[in-house]
A.B. asks: 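Questions regarding the structure given below will be posed in turn.
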Amino acid sequence: MLRVCVLRLLGRAGTGRVSLLEDSRPRHYCSDSPGNRDLAGDGRAYFTTPIFYVNAAPHIGHLYSALLADALCRHRRLLVPPAAATRFSPGTDEHGLKIQQAAATAGLTPTELCDRVSAQFQQLFQKAGISSTDFIRTTEARHRLAVQHFWGVLKAQGLLYKGLYEGWYCASDECFLPETKVAWQPGPSGDSCPVSLESGHPVSWTKEENYIFRLSEFRKPLQRWLWGNPQAITPEPFQHAVLQWLEEDLPDLSVSRRSSHLHWGIPVPGDDSQTIYVWLDALVNYLTVIGYPNSEFKSWWPATSHIIGKDILKFHAIYWPALLLGAGMSPPHRIYVHSHWTVSGQKMSKSLGNVVDPRTCLDRYTVDGFRYFLLRQGVPNWDCDYYDEKVVKLLDSELADALGGLLNRCTANKINPSGTYPAFCTTCFPSEPGLVGPSVRAQTEDYALVSAVTTLPKQVADHYDNFQIYKALEAVSTCVRQTNGFVQRHAPWKLNWESPVDAPWLGTVLHVALECLRVFGTLLQPVTPNLADKLLSRLGVSARERSIGELHFLPRFYGHPCPFEGRRLGPETGLLFPRLDQSKTWLVKAHRT
Ligand code: ME8
């Protein structure tokens, strides 16, 4: 028989405190040490985004999370082929009070609302080139099965008990709040209303009998997990924040609601009077996608990377690992955390009317343009501000002028009339810097360029690993600038193919620039897949030659044969990235505001 306990809401947001009436037996939670099961072990890697609530249409923040996950996943596929060794799933979070209430407000059934908004997310992700292998909806039968099974495991472990819950609940955030996180503010009719201090969303007082998860038993196991895996949560300040939280109170967690209050959810197995708490339901989606509870899931877990916004860190870095440990599983391999996009300095919100529609942005700036902007400007550690003018400036300068201009300079018929990848002359550009001789043309800065581009793939990989994709793009952009400097310095347009003195050096200048472009195109594939394809196709690089493992930059410089020398360039297919048209009305408006 389950015991009834009195829960008092104290401590951190989202948890209740229980006055323990039951024995708390010491338990040992096993973990097969996720840090030791490197993703590269058998090459498999599984990426997830948060599953998004369907109470409102997607905005650029949701797209940003999906793009970060997509870029990580695509980069991984380029590093460790075959692509089949990755799984990647976004999805929609469709249960809970928030959705139940949103459907009622919209005059729809919850199913109608979920179908409508989930389709919007799926269409958006498809349009944006999100290369997912699945899309999970929590209203699917496979998910209900997984959640109920997971519940059964927790119950069998003695980790769930019944208690009387009393405290504040925020339906918008779907979380419990302690008194310290609630403020009183004037409501629409002038009277004072309780709201969440963190989100400003209204909260209401709840008193009901729920199932409670013994979260308080997990402080030490969670600390051990984080101490043993210093990169578990990236970037580091977020790991630090979680360790800090673990120093505070860690009360048990209410994991169900009364069905009479919340009917839109998954019933507690064997107790229809209770509905499973939407966060427990939602988190298990990560297991559903890989086939849980069938044993196939074990080949993907815990080789998992969760990409999340900072707003849901506590759920992913405390509740989820505790639930997993409780169910005898390891915490996820990595949790990558990013900050938020604001719009002209303000939080994006429906009520402020400043929500940026990502579909419009993809149309205006092209899929690759907008993907590049969000990933180049988004800094995981800090909030970033969005405004249209910034997009135009960045894309024109980095994609149209610098990268597109460079490609044009090296492939245009005037400068490269044979339309081939010219030969590299080792006499003009010897491997050893500082050599002098009549034919030596390379200068000190040219060696700096070769060295920078040689180390670029590793630098980019390190930035991906640290979840600093913007830094990876910054590094590529710096090298693009350096390559333009190289071309400018040697002015190949002043050299003559007919001259036996000029020709080998002219070919070498173009060869080096094309080799640099081949590296840039390869490394940009995770972020701008269509643009990179166009670039690599123009260079005549075949599909088999586009993985990072196959890069081998400037092989002739390093004493190896070069498979590209003498190869015909691909067909000319127009500007790599046209400058954004200044005459467009929306752009004029963006410049004015
Ligand atoms: O929290 N900037 O769903 P949600 C950047 N269903 N990213 C943003 C953002 C912004 N302004 N706003 C939202 C939920 N996001 C739960 C998740 S997971 C098991 C359940 C992104 O629709 C960011 O990733 O509120 C954030 O964590 C997520 O959307 C929250 O989406």
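Both counts, for ligands and for their atoms, begin at 1 and track the order of listing.
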A.B. asks: I'd like to check whether His316 has a polar contact with ligand 1, where a contact means an N/O of the residue lying under 3.5 Å from an N/O of the ligand.
C.D. replies: no
A.B. asks: Going through the distances and angles, do Leu177 and Leu197 end up as a side-chain contact (heavy atoms from CB on, under 4.5 Å)?
C.D. replies: CA-CA 9 Å; Leu177 291 167; Leu197 258 179; over 6 Å; no
A.B. asks: Do Glu174 and Tyr169 meet the criterion of a side-chain donor-acceptor pair at a distance under 3.5 Å?
C.D. replies: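 Judged by distance alone, the side chains do pair up.
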A.B. asks: Please report the C-alpha distance between Glu398 and Tyr372 in whole Å, then the side-chain angles of each, then the deciding distance to 0.1 Å, and finally whether the side-chain hydrogen bond (donor to acceptor under 3.5 Å, both in side chains) criterion is met.
C.D. replies: CA-CA 10 Å; Glu398 293 196 357; Tyr372 186 81; 2.6 Å; yes
A.B. asks: Give me the nearest non-hydrogen protein atom to atom 13 (C) of ligand 1 as residue plus atom name, then the distance to 0.1 Å.
C.D. replies: His59 CE1, 3.7 Å
A.B. asks: Ring-plane angle category for Trp184 and Trp168, please: parallel below 30°, perpendicular beyond 60°, tilted otherwise.
C.D. replies: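 Ring orientation, 0 to 90° scale: perpendicular.
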A.B. asks: Salt bridge check, Asp383 against Lys310: does any charged N sit closer than 4.0 Å to a carboxylate O?
C.D. replies: yes
A.B. asks: Name all residues meeting the side-chain contact (heavy atoms from CB on, under 4.5 Å) criterion together with Ser131; count only those two or more places apart in sequence or in a different chain, and write none if there are none.
C.D. replies: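 Partners of Ser131 under the side-chain contact (heavy atoms from CB on, under 4.5 Å) test: Asp70, Arg74, Arg77, Phe88.
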A.B. asks: Suppose I only count heavy atoms of Ser339 and a 4.0 Å limit; which atoms of ligand 1 are within that range?
C.D. replies: 5 (C)
A.B. asks: I'd like to know if Asp134 pairs up with Arg142 as an ion pair, taking the criterion as any Lys NZ or Arg NE/NH1/NH2 lying under 4.0 Å from an Asp or Glu carboxylate oxygen.
C.D. replies: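 A salt bridge is present here (some side-chain N lies under 4.0 Å from a carboxylate O).
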A.B. asks: I'd like to check whether Lys310 has a polar contact with ligand 1, where a contact means an N/O of the residue lying under 3.5 Å from an N/O of the ligand.
C.D. replies: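 No; the residue has no nitrogen or oxygen that sits under 3.5 Å from a nitrogen or oxygen of the ligand.
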A.B. asks: Under 4.0 Å from a heavy atom of Asp93: which atoms of ligand 1 are those, numbered in the order shown and with their elements?
C.D. replies: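 Those atoms are 6 (N), 16 (C), 20 (C).
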A.B. asks: Could you list the residues that satisfy side chain to side chain donor-acceptor pair (under 3.5 Å) with Thr48, not counting sequence neighbours?
C.D. replies: His306
A.B. asks: Under 3.5 Å between any N/O of Gly309 and any N/O of ligand 1: does that happen in this structure?
C.D. replies: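 Between Gly309 and ligand 1, an N or O pair is found under 3.5 Å apart.
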A.B. asks: Heavy-atom distances under 4.0 Å are what count here, so tell me which part of Glu174 touches ligand 1: side chain, backbone, both or neither.
C.D. replies: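 Near ligand 1, Glu174 shows nothing, with every heavy atom at 4.0 Å or more.
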A.B. asks: For Lys347, which part has a heavy atom under 4.0 Å from ligand 1: side chain, backbone, both, or neither?
C.D. replies: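 The answer is neither; Lys347 stays 4.0 Å or more away.
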A.B. asks: Return the residue, atom name and 0.1 Å-rounded distance of the protein heavy atom closest to atom 5 (C) of ligand 1.
C.D. replies: Gly61 CA, 3.4 Å
A.B. asks: Does Gly378 reach ligand 1, in the sense of a heavy atom lying below 4.0 Å from it?
C.D. replies: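 Flag not set, Gly378 not near ligand 1.
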A.B. asks: Any chance you could lay out the side-chain hydrogen bond (donor to acceptor under 3.5 Å, both in side chains) test for His316 and Tyr286, step after step, and finish with the verdict?
C.D. replies: CA-CA 11 Å; His316 283 79; Tyr286 300 133; 2.7 Å; yes
A.B. asks: Examine the side chains of Ser118 and Gln122 and answer whether a donor and an acceptor come within less than 3.5 Å of each other.
C.D. replies: yes
A.B. asks: Cationic tip of Arg334 within the cone over Phe467's six-membered ring, i.e. under 6.0 Å and within 45° of the normal?
C.D. replies: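 No; the conditions do not both hold, so Arg334 does not lie above the ring face of Phe467.
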A.B. asks: Out of Phe52, Phe315, Tyr64, Tyr286, whose heavy atom is nearest to atom 18 (S) of ligand 1?
C.D. replies: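 Of the listed residues, Tyr286 has the closest heavy atom.
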A.B. asks: Could you identify the single nearest non-hydrogen protein atom to atom 14 (C) of ligand 1 and state the distance to 0.1 Å?
C.D. replies: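 Answer, as residue, atom name and distance: Tyr53 CE1, 3.3 Å.
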A.B. asks: Say whether Ala282, considering both its backbone and side-chain N or O atoms, lies within less than 3.5 Å of an N or O atom on ligand 1.
C.D. replies: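 Between Ala282 and ligand 1, no N or O pair is found under 3.5 Å apart.
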A.B. asks: Could you tell me the residue and atom name of the protein heavy atom closest to atom 17 (C) of ligand 1, and the distance to it rounded to 0.1 Å?
C.D. replies: Ile51 O, 3.2 Å
A.B. asks: For atom 1 (O) of ligand 1, what's the nearest protein heavy-atom neighbour? Residue, atom name and distance, please.
C.D. replies: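 Protein heavy atom with the smallest distance to atom 1 (O) of ligand 1: Ile312 CG2, 3.5 Å.
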A.B. asks: Would Asp271 and Lys155 pass as an ion pair if we require N to O under 4.0 Å?
C.D. replies: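 Lys155 and Asp271: not salt-bridged.
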A.B. asks: Only heavy atoms of Met348, strictly under 4.0 Å: list the atoms of ligand 1 that pass.
C.D. replies: 11 (N)
A.B. asks: Which residue supplies the protein heavy atom nearest to atom 30 (C) of ligand 1, what is that atom called, and how far is it?
C.D. replies: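 Checked against all protein heavy atoms, atom 30 (C) of ligand 1 sits closest to Asp311 OD2, 3.6 Å.
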A.B. asks: Kindly identify the option in Phe121, Trp320, Trp341 whose heavy atom sits closest to atom 11 (N) of ligand 1.
C.D. replies: Trp341
A.B. asks: For atom 21 (C) of ligand 1, what's the nearest protein heavy-atom neighbour? Residue, atom name and distance, please.
C.D. replies: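 That would be Ser65 OG, 3.5 Å.
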